[in-house]
Amino acid sequence: MSDKLLDWTRGVEAIVYQDCGACGKAQYFHRSFCAACGAPEPAEKSASGAGTVYATSLVCRAATPETRAHVPYNIVLVDTTEGFRMMAHGDNDLAIGDKVTARYEPFAGRLVPYFTKVN
Amino acid sequence: MSFITGVGLTSYGKHEGSSSLDLMSKAAELAIEDAGLKRSEIDGILCGYSTVSPHIMLATVFAEHFGIQPSYAHAVQVGGATGLAMTMLAHHLVEAGVVKHVLVVGGENRLTGQSRDASIQALAQVGHPDYEVTLGPTIPAYYGLVASRYMHEYGVTQEDLAEFAVLMRSHALTHPGAQFHDAITVADVMASKPVAMPLKLLDCCPVSDGGAAFVISREATGTIGVQVRGCAQAHTHQHVTAAPALSELGAEIAIANAKAASGLAISDVRYAAVYDSFTITLAMLLEDLGLAGRGEAAAKVRSGHFGRSGAMPLNTHGGLLSYGHCGVGGAMAHLVETHLQMTDRAGKRQVRDASIALLHGDGGVLSSHVSMFLERVR
């Protein structure tokens, strides 16, 4: 039984994923089982923060006063080196295919993962 | 066998002072009258949802309000695919002999019943509460992500996407019920305010008030029958983070199964009604369904292929992009227009031949899909 690791969704500077011991599949949305094969208790692991940009969308029209203070902000999907995809923020000029690494930034009263380009 | 025997549609835009139930009732009354039925002959009700007036039992709330006591009733929630999903269920219900006449109804005062911010925020909740919504995305951002990837993989440009907005607007100009009646150009779309890049304001459907309804029956009630030939669904994910590769999305699965269920091919189709919440949605779905080659849909728009006089008339009422989008009713307008075209009642929008139609709905972020073939029979 692996311990629960805290991540950015709980205010900690970390990206945590689950790794299935049975089928080897990495999953990002946490559950008590592997969604690919159903095996119980996938191991919790901290991700390196390294990945590749899969998609981007620069938000220019936000829907709440808290998020409006941040426009424009870039929502990105990143394929991590650990093999799962995640949504995060990133530099406004990120392009698909860019190699990126994560840091953490405040956003609307929370901490969110924020990706910048690495060379 | 099942037949769409009646359709009803309000204008979309502002219906100041109308509740969701008011708009549902108005559309329902039109559909029942169109089917040549009495209210008391409706024995099944399927309804969608209202973000303005949520209720855990909307179908019975509506039935009581409308004044009927059906033997079968409940709500259905599949986002933008709800209208076609209800139609598919109604088709199976009447085929199975559970009921004779199902009223399918959707309506919402989404524009005047709440602020635009409230609508945008309510809809963003289709995202994952912990891993997505906390990042401040909006529905346009979810589709903006998909658009960026699709454009990257298939060489589609923002100007290409703009063509779909221009086409839908040109169609809306000929429909008095449409929300927008000002012509737009590709340059107008390109110059419109950025919302969630690459999507700009005119790439996005509006928020509207409106209602739509159909009656699905075991037998045709008019001289021209509109028969449900076959339909299928596919659900590959809910959240865009968990979406499969672009080549494995649900539209391709749904259409393959709908073709098998109906025995029809894309080459049989004479009229298309395809979900168009954003320009990218329409571009992708047309290509996923096989109504255009990969990356070629915009060129087909430019050549007039999807126009009223083209080889494959598409959303001749103006679609979500320009007729309007009131939630569940939004994409139901596509089916109402298809029915009018198939029964030669589309007036100055009438196409030459709408004998076989393909409809496709999408809910979530290309999460849930329903494909349906309709055929005109006499």
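So that the names make sense, note that chain A is the first sequence line, chain B the second, and so on, each numbered from 1.
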- Query: Is there side-chain contact between A:Phe29 and B:Gln238, with heavy atoms separated by less than 4.5 Å?
  - Reply: no
- Item | Distance, nearest 0.5 Å, that separates OG1 of A:Thr67 from CG of B:Leu135 | 11.5 Å
- Under-4.0 Å salt bridge between B:Asp117 and A:Arg68: yes
- Close side-chain approach of B:His239 and A:Tyr28, heavy atoms under 4.5 Å: no
- Pairwise side-chain contact, A:Ser57 with B:Leu199, heavy-atom cut-off 4.5 Å (strictly under): no
- Message: Using a 4.5 angstrom heavy-atom cutoff, name the option from B:Ser148, B:Pro137, B:Gly144 with the most pairs to chain A.
- Response: B:Ser148
- Item | Leading residue by heavy atom contact count with chain B [cutoff under 4.5 Å; candidates A:Met86, A:Arg10, A:Glu66, A:His30] | A:His30
- Between A:Thr9 and chain B, which part of the residue has a heavy atom less than 4.5 Å away: side chain, backbone, both or neither? side chain
- Query: Does any heavy atom of chain B fall under 4.5 Å from the side chain of A:Val71, the backbone, both, or neither of them?
  - Reply: neither
- Message: Under 4.5 Å from any heavy atom of chain B, what part of A:Ala62 do you find: side chain, backbone, both or neither?
- Response: backbone
- Item | Proximity breakdown for A:Arg110 and chain B, heavy-atom pairs closer than 4.5 Å | side chain
- Is there side-chain contact between B:Val240 and A:Leu77, with at least one heavy-atom pair below 4.5 Å? yes
- Message: So for B:Thr138, is it side chain, backbone, both, or neither that comes closer than 4.5 Å to the heavy atoms of chain A?
- Response: side chain
- Heavy-atom proximity to chain B below 4.5 Å, by part of A:Ala88: backbone
- Examine whether an atom of B:Tyr150 lies under 4.5 Å from a heavy atom of chain A, and if so say whether it belongs to the side chain, the backbone or both; otherwise answer neither. neither
- Could you tell me whether the side chain of A:Asn74 reaches within less than 4.5 Å of the side chain of B:Met197, counting heavy atoms only? no
- Query: With only heavy atoms counted, which part of A:His70 is less than 4.5 Å from chain B, the side chain, the backbone, both or neither?
  - Reply: neither
- Contact part of B:Ala122 toward chain A, heavy-atom cut-off under 4.5 Å: side chain, backbone, both or neither? neither
